[in-house]
Amino acid sequence: MAKIDFGGSVEDVTTREEFPLEKAREILKNETVAVLGYGVQGPGQALNMRDNGIKVIIGQREGGPSWDKAVADGFVPGQTLFPIDEAARRGTIIQFLLSDAGQVVTWPDVKKCLNEGDALYFSHGFSVVYKDQTNIVPPENVDVILVAPKGSGRTVRTNFLDGSGINSSYAVHQDATGRALERTLALGIAIGSGYLFATTFQNEVYSDLTGERGVLIGCLAGVMEAQYNLLRKHGHSPSEAFNETVEELTQSLIRLVGENGMDWMMANCSTTAQRGALDWAPKFRDAVKPVFDELYEKVISGAETRRVLDKNSAPDYRQQLQKELEAIHNSEMWQAGKAVRTLRPENQTM
């Protein structure tokens, strides 16, 4: 492991140079990885492992769109594609990648399929950490491990295909075999991680739930909407409001931040933008601090997970979700965005 100084805090990270794919293949050569769930994280992780020479099978409910997607991706019913319980029985490493609510529903059947020495793998600490709500308590004779890519399932796949990889955290919750750590790191490399950093199941879920509700999606969506509505209120056109709120951020600035950091961005923008950013950033930070404090408290108390499980288990969940998503899709802001995207140079014919 390499020791990296993250701004004064030294952490151990594992890179592909230190833990090459050949080593991962050797560790996993006698394993069958059963990927349960082919929705969000399942396809990217499964396809990357298959391309890397790992024996992979899929467990998915028959007859649905995810089953059909697995077939389209080359998994063969009865050979590498099975119902969930059958795949769990065949696997020695069971990647439990169903939705959090889906894990609650299927756990009693999956638990029956675990054999001594198997590894139960998660990409989210939700089910294990909030066991009082999920009733997911793994048996003591299996490894319980985690690799959590820091990105969407789609990005796990696209980054793998372009050779860049994606950063992932990893954790060992239970080491029944004495091989849990090497299995975890091997799987992290096999799914295409650029580097791996250590965490715990608890820290992973606390940071993940906070992050996705905060800066990664929830806060970002809310702040964008607030600025767009403000500009529209003061007479700016939809095109101008969207470009100043979203397009310039996503097509230019955030890429520079990703490449060089916000410190570089602050030092290399116009003096007018620089002065405004330096003056206003602390105001926004202080304004949202109470919201983040409330959010984190609800995460660690379990209030957020109770809401997720309650909402996602409702009989009309998908219909209500579709209404919420359609309201966002049909809003003026994102309809303006749809129009703006068609005007990008790469989408125009010469």
Side-chain angles (χ1 to χ4, degrees), residues 1-2 4 6 11-25 27-28 33 35-54 56 58 66 69-70 73 93 95-100 119 121-126 145-172 181-201 203-218 220 249-251 254-262:
M1 294 185 182
I4 306 296
F6 290 90
E11 297 182 27
D12 290 327
V13 301
T14 300
T15 68
R16 289 184 286 191
E17 287 71 29
E18 299 167 292
F19 202 110
L21 179 59
E22 291 73 22
K23 182 176 180 180
R25 286 175 178 150
I27 290 170
L28 300 174
V33 182
V35 179
L36 307 187
Y38 206 74
V40 179
Q41 280 289 335
Q45 295 195 35
L47 292 171
N48 292 358
M49 286 189 293
R50 187 177 70 179
D51 288 354
N52 275 332
I54 309 303
V56 179
I58 304 299
S66 293
K69 176 173 173 52
D73 286 342
I93 296 174
Q95 290 195 338
F96 210 10
L97 300 183
L98 293 159
S99 69
D100 296 318
Y121 166 114
F122 296 85
S123 282
H124 191 24
F126 188 110
I145 61 179
L146 174 146
V147 178
K150 299 298 105 180
S152 69
R154 178 181 176 84
T155 309
V156 169
R157 183 59 175 165
T158 56
N159 283 20
F160 174 83
L161 292 174
D162 69 24
S164 61
I166 192 167
N167 303 332
S168 301
S169 61
Y170 72 91
V172 173
L181 180 58
E182 69 173 15
R183 280 170 138 179
T184 305
L185 294 175
L187 288 161
I189 296 301
I191 68 169
S193 301
Y195 78 85
L196 294 153
F197 61 95
T199 187
T200 65
F201 272 57
N203 282 350
E204 190 284 327
V205 73
Y206 287 178
S207 61
D208 187 75
L209 291 178
T210 300
E212 64 195 12
R213 284 153 175 73
V215 171
L216 300 179
I217 307 177
L220 182 62
L249 171 67
T250 59
Q251 297 305 295
I254 204 65
R255 296 178 180 182
L256 293 172
V257 173
E259 291 171 4
N260 305 294
M262 184 59 79

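Starting from 1, each residue takes its place in the sequence as its number. The analysis underlying the following values was restricted to heavy atoms, covering all of them including side chains, and did not include hydrogens, waters or symmetry mates.
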_Test of understanding: with side-chain hydrogen bond (donor to acceptor under 3.5 Å, both in side chains), list the residues that count as partners of Ser168, not counting sequence neighbours._
Ser193
*Could you tell me which residues satisfy side chain to side chain contact (heavy atoms under 4.5 Å, CB included) with Arg16, sequence neighbours excluded, listed by chain and number?*
Ile189
*Those residues that, when tested against Glu17, pass side-chain hydrogen bond (donor to acceptor under 3.5 Å, both in side chains) (two or more places apart)*: Thr15
For residues 45-53, please give each side-chain donor-acceptor pair under 3.5 Å, one per line with the distance, not counting sequence neighbours.
unit_1	atom_1	unit_2	atom_2	d
Gln45	OE1	Tyr121	OH	2.7
Gln45	NE2	Gln41	OE1	3.0
Gln45	NE2	Ser123	OG	3.0
Asn48	OD1	Arg157	NH1	2.8
Asn48	ND2	Gly44	O	3.3
Asn48	ND2	Val156	O	3.1
Asn48	ND2	Ile191	O	2.8
Arg50	NH1	Asp73	O	3.0
Arg50	NH2	Asp73	O	2.8
Asp51	OD2	Arg157	NH1	2.9
Asp51	OD2	Arg157	NH2	3.0
Asn52	ND2	Asn48	O	3.4
Asn52	ND2	Ala190	O	2.9

*What residues, two or more places apart in sequence or in another chain, satisfy side-chain hydrogen bond (donor to acceptor under 3.5 Å, both in side chains) together with Gln251?*
Arg255
*Note, Phe201 side chain near Phe122 side chain (heavy atom, < 4.5 Å)*: yes
*Under the side chain to side chain contact (heavy atoms under 4.5 Å, CB included) test, residues paired with Arg154 that sit two or more places apart*: Ser152, Thr158
*With sequence neighbours excluded, residues passing side chain to side chain contact (heavy atoms under 4.5 Å, CB included) with Ser66*: Tyr38, Gln60
*Distance-only, no hydrogens or angles: does the Ser207 side chain make a donor-acceptor pair with backbone N or O of Asn203 under 3.5 Å?*
yes
_Side chains of Val35 and Leu98, heavy atoms from C-beta outward: is any pair under 4.5 Å?_
no
*Who are the side chain to side chain contact (heavy atoms under 4.5 Å, CB included) partners of Ala119, not counting sequence neighbours?*
Ile93, Asp143, Ile145, Arg183
*Minimum-distance pair of heavy atoms, taken over all atoms of Thr184 and Ala171*: CG2-O, 4.1 Å
_Listed once per pair and sorted, the salt bridge (charged side-chain N to carboxylate O under 4.0 Å, His left out) pairs that draw on residues 159-169, sequence neighbours left out_ = none
*Pairs satisfying salt bridge (charged side-chain N to carboxylate O under 4.0 Å, His left out), at least one member in residues 203-212, at least two apart*: Lys150-Glu204
*Please tell me if the side chains of Thr199 and Tyr170 come closer than 4.5 Å, counting only heavy atoms from C-beta onward.*
no
